[in-house]
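Heads up, the thing below is written out as structure tokens.
Atom set for the values below is all heavy atoms of this structure, side chains included, hydrogens, waters and symmetry mates excluded.
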Amino acid sequence: MDIHAHLSGTEVIGLLGGCFNQSQLTIQTAVPCNSLSTGMQCEMDPVSQTEACEAIIDSGLQVVGWYHSHPTFPPNPSVRDIETQSQFQSWFVQGGAPFVGVIVNPYGRNFQNESEFRFMIICDQWLDGEMTSEYSIKVN
């Protein structure tokens, strides 16, 4: 997903494949999708989303998340990102497995050539309008 984000000056989007065993989510692949970008927001083309899902499942993995980029601003989730994450979680969550949303800024703050990632899962309380749970990591 980091390479995909570096290949375009506009937002990119895709699905993540992997597995969930006991309490560990492992992301093993990122499958790029076509974007229906309006310049203000990025949405996944339904045809390429279906093809990406099929590719992930055909490779023996589960669809465990989605990603998109914020090429010129920090990887903080917008209201639209939170809505999309909530919608995808309701579609893809299987047997209590988490479904993660990832936002990547391919150039980091102040264009320091260091990518930044934000990982998010919407907790049940957020769905009731109370809160979110976010997980952030720095990737070297």
- Query: Do you know which two heavy atoms are closest between Pro77 and Ile103, and how far apart they sit?
  - Reply: CA-CD1, 3.6 Å
- Task: State, without any angle test, whether Asp81 and Ser78 hold a side-chain donor-acceptor pair at a distance under 3.5 Å.
- Result: yes
- Item | Over all atoms of both residues, closest heavy-atom pair of Pro75 and Asn105 | CD-CB, 3.9 Å
- Shortest non-hydrogen separation from Ser115 to Pro106 and the atoms involved: OG-O, 3.1 Å
- Task: Quick one: pull up SG in Cys33 and CE in Met44 and give me the separation to the nearest 0.5 Å.
- Result: 4.5 Å
- Message: I'd like to know whether Val63 forms a side chain to side chain contact (heavy atoms under 4.5 Å, CB included) with Leu16, so could you lay out the CA-CA distance, the side-chain angles of the two residues, the decisive distance to 0.1 Å, and finally the verdict.
- Response: CA-CA 6 Å; Val63 179; Leu16 301 171; over 6 Å; no
- Task: Locate the shortest heavy-atom distance separating Gln85 from Met120; write the atom from each residue and the value.
- Result: NE2-O, 3.5 Å
- Query: Can you find a heavy atom in the side chain of Leu15 that is under 4.5 Å from one in the side chain of Gln49?
  - Reply: yes
- What's the shortest heavy-atom distance between Pro98 and Ile121, and which atoms? CB-CD1, 3.7 Å
- Query: Should the ring pair Phe92 and Phe99 be called parallel, tilted or perpendicular, given that the plane angle runs from 0 to 90° and is split at 30 and 60?
  - Reply: parallel
- Interatomic spacing from CZ in Phe20 to OG1 in Thr26 - rounded to 0.5 Å: 9.5 Å
- Query: Does some side-chain heavy atom of Tyr67 sit less than 4.5 Å from a side-chain heavy atom of Pro32?
  - Reply: yes
- Got a donor-acceptor contact below 3.5 angstrom from the Ser86 side chain to the Ile82 backbone? no
- The reported gap from SG in Cys53 to CG in Asp58 (rounded to nearest 0.5 angstrom) is 10.5 Å
- Query: Can a donor-acceptor pair be found between the side chains of Glu83 and Gln87 at a distance below 3.5 Å?
  - Reply: no
- Taking the side chain as C-beta and beyond, is there a heavy-atom pair between Glu43 and Ser35 under 4.5 Å? no
- Given side-chain hydrogen bond (donor to acceptor under 3.5 Å, both in side chains), test Asn76 with His70 step by step and report yes or no. CA-CA 8 Å; Asn76 300 321; His70 286 182; over 6 Å; no
- Note on the structure: In this structure, CG of Asp45 is separated from CG of Leu36 (nearest 0.5 Å) by 5.0 Å
- Hey, any chance Ile56 and Trp91 share a hydrophobic cluster, counting ILVMFWY side chains that come within less than 4.5 Å of each other, even indirectly? yes
- Message: Please find the pair of heavy atoms, one from Asn34 and one from Ile13, that lie closest to each other, and give the distance.
- Response: O-CG2, 3.8 Å
